[in-house]
2 protein chains.
Amino acid sequence: MPRPLYVTRPLLPDLNDMHALLREVWDTRILTNGGPLHERLESELKSYLDVPTAMLFNNGTIALLAALKLLELPEGSEVITTPLTFAATAHAIHWNGLVPVFADVSPDTLTIEPESVRKAITAKTSAILGVHVYGTVCDLDGLQTIADEHGLQLIYDAAHAFGVTVHGKSIGLFGNASVFSLHATKLFNTAEGGLITTARAEDAKNLYFLRNFGIKNEDEVVSVGINGKMNELQAAMGLLNLPLVAEEKRVRSQLRERYQDFLKALPGIWLPPNQPGIFPSEQYFQICIDPVLFKRSRDDVYRSLQQKGIFSRKYFHPICTDFEPYRNYAIHSVRNVPHVEIVKSQVLCLPFHGGVTEDDIDDIRDEFCQ
Amino acid sequence: MPRPLYVTRPLLPDLNDMHALLREVWDTRILTNGGPLHERLESELKSYLDVPTAMLFNNGTIALLAALKLLELPEGSEVITTPLTFAATAHAIHWNGLVPVFADVSPDTLTIEPESVRKAITAKTSAILGVHVYGTVCDLDGLQTIADEHGLQLIYDAAHAFGVTVHGKSIGLFGNASVFSLHATKLFNTAEGGLITTARAEDAKNLYFLRNFGIKNEDEVVSVGINGKMNELQAAMGLLNLPLVAEEKRVRSQLRERYQDFLKALPGIWLPPNQPGIFPSEQYFQICIDPVLFKRSRDDVYRSLQQKGIFSRKYFHPICTDFEPYRNYAIHSVRNVPHVEIVKSQVLCLPFHGGVTEDDIDDIRDEFCQ
């Protein structure tokens, strides 16, 4: 039983396969700037995710910076997002010279709640940034309706939603753009990495410029781009990891059922929503622990697991409005007390990957079913 | 004679050494977030560059974003820089919510000219961003004097200046911070990579936070950080390339002498300055071609070399004020016509790396000494 046991464990290809692919890199001596492996991976991901535009980035955060830049939102305008997300979501808004505005989450899904988004709209609002947190899909119709009504752009942080489909349609086709993370903690990883997908083939050109300093050609720089380039070492990882994703998802899917089997009967345990028609990401297994009904707090369970060498994670606690830069930012909500303020002390992600053993599951079950 | 011949060629370690180091990564399964190889490389660079603070980044641009953020400059304030630089310099200012202001270059060095910087200062100026362009060292005393007189911060884009020392003192110790690029085109490369050095040990903590989303610990996010993390694949490259730098510099130093031997006698050819007391970077070999005196234009030489499969580069043409986002930005200068506006059509970087052969040198000599 290998401990410590973490919430995620990166997929790793066979090291000899990596060696063989790096030999190609060594032969060409092209290490970055859209090398052959990069081009191959980008093309494979376009097919895999079934999207007309898929642009690789060095990480998900820089991809999010570029995706927001693509929208050309007015300087200083407001972007409504959820506080129950990783810091990068709010930071990417800030780095674009925009103002993050927070709206409450839906109790059913813990994704941003359309009716609370309505409460957050002002004359300065320019966009909504939904987050498919834990891989749970946002209320796509609800958010698109509001965006349409108010003339807002709609963008998705899909860091957790790699490979999700909605009634057969790729999650990367909704809104104006979707941003995926290919970080080591993600189902599909390139060590560090990011990806932007959009439903419009014509976005590829501008994203290509933004990813590489706005350089159009040797004589023209057309936008305030950034260095978002994925190098060939990362691309090699990606090419070799992509074929491993299906088996890892199968294993995680079984693990999900095992967890649900013993958790579903417990009072005060909130389980991930069942979303009909949605082919899941299998990124995280998130639960909420109601301290009154379950008679133990999330933090108590967290610490007790830790003593067994099992490192669950309180994703995402603290929430963005607890961070020093966004402290005192309001959370707009249809409730007097935002749901996210309650749920932030209840969320817990359990170890969820192919390295979780029967013994691990037994120990986690014992923790909950004492 | 391997053609095409480019201006740079990345150092590459032995692939078997890479394999051995990646085995360590595969064993730990730590792919990023300050893994063991990252920590080792950061420590080696701290020694190598003889600086109290050396922080690795995923690339030089993101490092520059973070270094500017470290200075906590007032929102919307002005940062004076040179237009004769790569796009990333100006873009990094813009991404920080600051305004780039351009000052002319010195005819001797092509680095930013202190007396022209004085012309650019307003009540809104908060910092000077000098660029050691081509590895030529800025007028360090001149710029520091102005910074002191006006209470400005001083930061250096040292993308081209890896390993430079000034009378034995590391170039990374001047100003408030220096930012290096470890891109494939650079003398020392990690495929993509960046590095911030400062003279203050206490800066490491804040840069550590900025590099990783401002995360201080599991409970606190203290700044609007970014994802600037270098992954373990990049760090492996760095660990193996660093010992190769000395020999590559030796070869480049000889090549520099070879070029100078036949160029120095030619009318209208400006050569890189000899800077006493400075141990050079050997990053680029830059010349200027005066079309009147040399009786041929830079572009003519550029095209003619290209026809032989020799790809020189017009670094840095276009200059920043030619870019769409900064068009119509003034270039403050002590001259009526800024020197940079003349020199931008004259600068040319010749192939400068260990892969340049005798035959290549002959062909380039023939081009100039027809």
Side-chain angles (χ1 to χ4, degrees), chain A residues 9-10 12 15-16 18-19 22-23 25-26 29-33 58-62 65 86-88 90-92 94-97 183-184 189-192 194 213-215 218-227 229-234 236-237 313-314 317-318 320 322-326, chain B residues 9-10 12 15-16 18-19 22-23 25-26 29-33 58-62 65 86-88 90-92 94-97 183-184 189-192 194 213-215 218-227 229-234 236-237 313-314 317-318 320 322-326:
Chain A
R9 188 185 73 162
L12 274 184
L15 183 55
N16 292 319
M18 186 72 175
H19 189 65
L22 289 186
R23 186 175 300 284
V25 178
W26 260 237
R29 274 190 187 252
I30 302 174
L31 299 183
T32 184
N33 289 36
N58 49 359
N59 64 54
T61 305
I62 305 304
L65 259 69
F86 189 55
H91 289 351
H94 186 96
W95 276 103
N96 267 275
H183 181 263
N189 88 82
T190 58
E192 292 270 356
F213 310 103
I215 296 171
E218 223 174 281
D219 296 318
E220 286 176 282
V221 174
V222 295
S223 55
V224 182
I226 201 161
N227 185 354
K229 289 172 288 158
M230 172 176 280
N231 67 52
E232 290 291 273
L233 308 174
Q234 293 168 293
M237 280 290 276
R313 292 298 298 265
K314 306 176 198 175
H317 181 218
C320 292
D322 295 326
F323 303 162
E324 216 164 284
Y326 311 115
Chain B
R9 188 185 72 163
L12 274 184
L15 184 55
N16 291 319
M18 186 72 176
H19 190 66
L22 289 186
R23 187 177 300 284
V25 177
W26 259 238
R29 275 190 185 254
I30 300 174
L31 299 183
T32 184
N33 288 38
N58 48 359
N59 64 53
T61 305
I62 305 303
L65 260 69
F86 189 54
H91 290 350
H94 186 98
W95 276 103
N96 268 275
H183 182 262
N189 88 83
T190 57
E192 294 270 355
F213 311 102
I215 295 172
E218 222 174 283
D219 296 318
E220 286 175 282
V221 174
V222 295
S223 56
V224 182
I226 201 160
N227 184 354
K229 288 172 289 159
M230 171 175 281
N231 66 54
E232 290 290 273
L233 308 174
Q234 294 168 293
M237 280 289 278
R313 292 299 299 263
K314 307 175 197 173
H317 180 220
C320 292
D322 296 325
F323 303 162
E324 216 167 286
Y326 312 115

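In what follows, chains are A, B, ... by sequence order, proteins preceding strands, each numbered from 1. Keep in mind that what you see is a predicted model, and the values were worked out from it rather than measured.
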- Query: Is there a side-chain contact between Leu22(A) and His19(B), using heavy atoms and a 4.5 Å cut-off?
  - Reply: no
- Message: Between Asn231(A) and Leu233(B), does the side-chain contact (heavy atoms from CB on, under 4.5 Å) criterion hold? Intermediate values first, please.
- Response: CA-CA 10 Å; Asn231(A) 67 52; Leu233(B) 308 174; 5.8 Å; no
- Smallest separation among heavy atoms of Ala88(B) and Phe213(A), with atom names: CB-CE2, 3.7 Å
- Item | Segment of Gln234(B) engaging chain A (4.5 angstrom heavy-atom cut-off) | both
- Can you find a pair of side-chain heavy atoms, one from Leu12(A) and one from Val25(B), that are under 4.5 Å apart? no
- In terms of heavy-atom proximity below 4.5 Å to chain B, should Asp322(A) be classed as side chain, backbone, both, or neither? neither
- Query: With a 4.5 angstrom heavy-atom cut-off, which part of His183(A) approaches chain B: side chain, backbone, both or neither?
  - Reply: side chain
- Assert top hit (heavy-atom pairs under 4.5 Å, partner chain B, pool Val224(A), Leu65(A), Asn16(A)) equals Val224(A)
- Message: With a 4.5 angstrom heavy-atom cut-off, is it the side chain or the backbone of Ile62(B) that approaches chain A, or both, or neither?
- Response: side chain
- Query: Any idea which of Ser223(A), Ala184(A), Ala87(A), Gly97(A) has the most non-hydrogen atom pairs under 4.5 angstrom with chain B?
  - Reply: Ser223(A)
- Can you name the closest pair of heavy atoms from Asp219(B) and Pro318(A) and give their distance? O-CG, 3.4 Å
- Please name the pair of heavy atoms, one in Pro325(A) and one in Val221(B), separated by the smallest distance, quoted to 0.1 Å. CD-O, 3.5 Å
- Toward chain A, the part of Met18(B) with a non-hydrogen atom under 4.5 Å: side chain
- Item | Flag side-chain contact, heavy atom, 4.5 Å: Glu192(A) against Asn33(B) | yes
- Task: Mind ranking Arg29(A), Glu324(A), Glu218(A) by heavy-atom pairs under 4.5 Å with chain B and telling me who comes out on top?
- Result: Arg29(A)
- Using non-hydrogen atoms only, which part of Met237(A) is less than 4.5 Å away from chain B: side chain, backbone, both, or neither? side chain
- Using non-hydrogen atoms and a 4.5 Å limit, figure out which bit of Ile30(A) sits close to chain B: side chain, backbone, both or neither. neither
- Item | Contact winner vs chain B - Lys314(A), His94(A), Arg9(A), heavy-atom pairs under 4.5 Å | Arg9(A)
- Message: Between His91(B) and Asn227(A), is there a side-chain heavy-atom distance shorter than 4.5 Å?
- Response: no
- Message: Any heavy-atom pair between the side chains of Asn59(B) and Thr32(A) that's under 4.5 Å?
- Response: no
- Name the member of Arg23(B), Met230(B), Glu220(B) that forms the most heavy-atom pairs with chain A at distances under 4.5 Å. Arg23(B)
- Beyond-backbone contact of Val222(B) with Phe323(A), side-chain heavy atoms, under 4.5 angstrom: no
